[in-house]
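Throughout, a chain's letter reflects where its sequence line sits, starting with A, and its residues are numbered from 1.
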Amino acid sequence: MSVIVRMAPSPTGFLHIGNVRTFLFNWLYARHEGGQIRLRIENTDTAREVAEATDFIQESLQWLGIDWDGEITFQLDRMDDCRRVAEQLVAEGKAYEDEGAIRFRMPDEGVTAWDDVIRGRVEVPNESIEDLVLVRSDGRPTYNFASPMEDVWDGITHVIRGEDHISNTPKQLNIIRAVGGDLPTYAHCPNVNGGDGKKLSKRHGAVGVDEFRNAGYLPPALMNFLALLGWAPDGETTVMSRDELVERFELARVSPSPAQFDYAKLDWLNGVYQRALAPEAFAHALVLWLGEHGYEWDAERVRKAAPLVQEKISRLGEFPSFAGFLFQDVEPASVDGGAEVVAAAGDALAELEPFTAESIESALRGVLERLGLKPRQGFQPIRVAVTGSKVSPGLFESIELLGRETTLARLRRAAATAA
RNA sequence: GCCCCCAUCGACUAGCGGUCCAGGUCGCGGCCCUUUCAAGGCCGUAGCACGGGUUCGAAUCCCGUUGGGGGCACCA
């Protein structure tokens, strides 16, 4: 039997990174097994802004590299089918009317159990399961009714979802049995928490896929990181491409215990991917990112600056603050005590030919030698004068890119201010 | 309160009865390299929650305790 799984977000706005991790497990499993994955919007309740949120969800998924098969379906579209089934259940005595609503009759004795791919056997005493509402008094089916029904109608073979659904599972199992549907296999993924072990939320950092995109993370890096939250192919491997993840993913190896989202590790991994990019590819990504985020900086110059920062920043979003001095004027910073070397540097560069990183370096080293300064002492005031910061890309390459005119202006201004 | 789930370094994890005085990665600390910051190289730091069993032998199996988390809606 061919595998069919589904991603079932509710259209409440942005896509939470924790949900995306669960979707990723669905996707990896489907692709690994050569099966199908559906995108189903669970909009039984939120009728507002559905279209917009749905677009947003698709965009985020596509950006990350998670695709799906077939048309998107909406839970709301199957209201009538759900109602019909509910009425049938009432006719069969398996459900009953209650103040205008329809309730399902849960078994009172024994246990409802299933073999969870991730957790093993889970058993829940039936006496702890209440008769649940199938259809509200206004005629709308509830989530716990619509969701399993859709799983049956869509032929879902594996329901892979968050652990917060564990307690819904026995309810849905009983409903599917009552309608005579095939029971899917269930796999409940662990939660993704923040650094304090609490549910990941805004106060921990970025949580929406769009936020990670805006911060300048690379999709394959984020995917790689997410896959490692609750799953590992072995004890050694950590860097894996999209294809490699698909090839190696095993649902049964997903851990049942919750994981914490480590932003520092994500940054490291993103840096790994960034450095592995061909220089042109990195430059291209940088130009695109800047364009999408409102920077109208000269693309040609961005491409030239890219190699200077590729191994120094860990995400695209760090570029503006790290290399912005190449594109806009800087706040004059204090070169305390460095007025002399700054002024001398200006003189040395004024007539320098050619004006290349190599010649700039030897000219400036000559200046330091004459003044009896160590590189550390001499270059730092120059750096601060030229870049406006104590931290920057390589000084000589930066000066070459900046150009003689701007460099001299900044050096002279700094020398004058310090004097 | 009731039900369910979880438990290896600070974090992500490997381990599925002996090869583990527990391995990898991030982080952190130190050293090297070095024009800053990174990157890179080397070294180091730190863990099987606790208590009972089972067994010749337990991080690995069972029970309990403690601690976390989730759920108990005419929300999804």
Rounding to an integer number of angstrom, what distance separates B/rC3 and B/rU19 when you compare their P atoms? 40 Å
Suppose you measure atom C1' in B/rA22 against the same atom in B/rG15; what distance do you get, rounded to whole Å? 8 Å
Between the CG atom in A/Asp151 and the CD1 atom in A/Ile175, the distance rounded to the nearest 0.5 Å is 11.0 Å
Could you identify the nucleotide paired to B/rC42, looking across every strand shown and requiring Watson-Crick or G-U wobble geometry with both distances under 3.5 Å? B/rG30
Determine the Euclidean distance between corresponding P atoms of B/rC28 and B/rG71; express it in Å to zero decimal places. 34 Å
If you look at every strand shown and take non-hydrogen atoms under 4.0 Å, does A/Phe225 touch a base, only sugar-phosphate, or nothing? nothing
Determine whether the side chains of A/His165 and A/Asn168 contain a donor N or O and an acceptor N or O closer than 3.5 Å. yes
Could you tell me whether A/Asp98 contacts a base, only the sugar-phosphate backbone, or nothing, with contacts defined as non-hydrogen atoms closer than 4.0 Å? base
Could you say whether A/Asp234 or A/Pro375 is positioned toward the 5' end of RNA chain B, judged by the nucleotide with the nearest heavy atom to each? A/Asp234
With both distances under 3.5 Å as the test, what is the Watson-Crick or G-U wobble partner of B/rG1? B/rC72
Considering only the C1' atoms, how many Å lie between B/rA14 and B/rC26, rounded to the nearest integer? 15 Å
Heavy atoms only: give me the nearest A/Leu411-A/Ala385 pair and the separation to one decimal. CD2-CB, 4.1 Å
Salt-bridge present (A/Arg213, A/Asp210; N to O < 4.0 Å): no
Base, sugar-phosphate or nothing for A/Pro9? Non-hydrogen atoms, less than 4.0 Å. nothing
Would you say A/Asn174 and A/Thr112 are linked by a side-chain donor-acceptor pair, where the criterion is simply a distance under 3.5 Å? yes
When both distances are under 3.5 Å in a Watson-Crick or G-U wobble arrangement, the nucleotide paired with B/rC37 is none
Starting from the C-alpha separation in whole Å, work towards a yes-or-no answer on side chain to side chain contact (heavy atoms under 4.5 Å, CB included) for A/Phe322 and A/Val391. CA-CA 8 Å; A/Phe322 191 68; A/Val391 175; 3.6 Å; yes
Should A/Lys374 be listed as having a side-chain N or O under 4.0 Å from OP1 or OP2 of B/rU35? no
What distance, rounded to whole Å, do you find between the two C1' atoms, one in B/rU8 and one in B/rC20? 12 Å
Over how many whole Å does the gap from A/Glu236 atom CD to B/rG23 atom C1' extend? 6 Å
Are A/Tyr273 and A/Tyr217, when compared by the centres of their aromatic rings, separated by less than 6.0 Å? no
P spacing across the pair B/rU60 / B/rC37, given as an integer number of angstrom: 46 Å
Do the charged groups of A/Asp164 and A/Lys199 touch, with an N to O distance under 4.0 Å? no
Can you check the A/Arg140 CZ to B/rC74 P distance for me, whole Å? 12 Å
Separation of B/rA76 P from A/Leu76 CG (nearest whole Å): 10 Å
Give the nucleotide from the list B/rU35, B/rA76, B/rC3 with an atom nearest to the side chain of A/Thr142. B/rA76
Please tabulate, one pair per line, each protein N/O and nucleotide N/O from nucleotides 71-73 of chain B that are separated by under 3.5 Å, including the distance.
from   : atom 1 : to       : atom 2 : distance (Å)
B/rG71 : O2'    : A/Ser167 : OG     : 2.6

For the pair made of CG in A/Leu229 and P in B/rU13, what is the distance, rounded to whole Å? 6 Å
Any carboxylate oxygen within less than 4.0 angstrom of a Lys/Arg side-chain nitrogen, looking at A/Arg140 and A/Asp138? yes
A/Ala264 side chain, from C-beta outward: closest of B/rA76, B/rG27, B/rA14: B/rG27
Once you round it to whole Å, what is the distance between P of B/rG67 and NZ of A/Lys198? 13 Å
Are more than 12 heavy atoms from other residues, nucleotides or ligands located less than 6.0 Å from atom NZ of A/Lys304? no
Restricting both atoms to N or O, compile the protein contacts to nucleotides 36-44 of chain B shorter than 3.5 Å, with distance only.
from   : atom 1 : to       : atom 2 : distance (Å)
B/rU36 : OP1    : A/Arg376 : NH1    : 3.1
B/rU36 : OP1    : A/Arg376 : NH2    : 3.0
B/rU36 : O4'    : A/Gln380 : OE1    : 3.3
B/rU36 : O2'    : A/Lys390 : O      : 2.7
B/rU36 : N1     : A/Arg383 : NH2    : 3.3
B/rU36 : O2     : A/Ser392 : N      : 2.7
B/rU36 : O2     : A/Ser392 : O      : 3.0
B/rU36 : N3     : A/Arg383 : NH1    : 3.4
B/rU36 : N3     : A/Ser392 : O      : 2.7
B/rU36 : O4     : A/Lys312 : NZ     : 3.2
B/rC37 : O2     : A/Lys312 : NZ     : 3.2
B/rC37 : N3     : A/Lys312 : NZ     : 2.2
B/rC37 : N4     : A/Lys312 : NZ     : 3.2
B/rA38 : O2'    : A/Glu311 : O      : 2.6
B/rA38 : O2'    : A/Lys312 : O      : 3.4
B/rA39 : O3'    : A/Arg275 : NH1    : 3.4

Pick out the pairs of N or O atoms, protein on one side and nucleotides 5-11 of chain B on the other, that lie under 3.5 Å.
from  : atom 1 : to       : atom 2 : distance (Å)
B/rC5 : O2'    : A/Arg119 : NH1    : 2.4

Using the P atom in both, what is the distance from B/rG68 to B/rG27, to the nearest Å? 29 Å
B/rU66 versus B/rC31 - spacing of their P atoms, nearest Å: 47 Å
Please state how far atom CZ in A/Phe396 lies from atom C1' in B/rU34, giving the value in whole angstrom units. 11 Å
Under 4.0 angstrom, heavy atoms only, what part of the nucleic acid is A/Asn144 near: base, sugar-phosphate, or nothing? base
With distance as the sole criterion, is a donor-acceptor pair present between the side chains of A/Asp196 and A/His204 under 3.5 Å? yes
Write down the partner of B/rC50 under the Watson-Crick or G-U wobble criteria, each distance required to be under 3.5 Å. B/rG64
Tell me what A/Arg253 touches on the nucleic acid: a base, only sugar-phosphate, or nothing, going by heavy atoms under 4.0 Å. sugar-phosphate
Once you round it to whole Å, what is the distance between C1' of B/rC3 and CD of A/Glu109? 18 Å
A/Arg365 bridged to A/Glu369 by N-O distance under 4.0 Å: no
Donor-acceptor side-chain pairing of A/Ser389 and A/Thr387 below 3.5 angstrom: no
A/Met240 CE to B/rU25 P, straight-line distance once rounded to whole Å: 14 Å
Verify the ring-centre separation between A/Phe379 and A/Phe396: is it less than 6.0 angstrom? yes
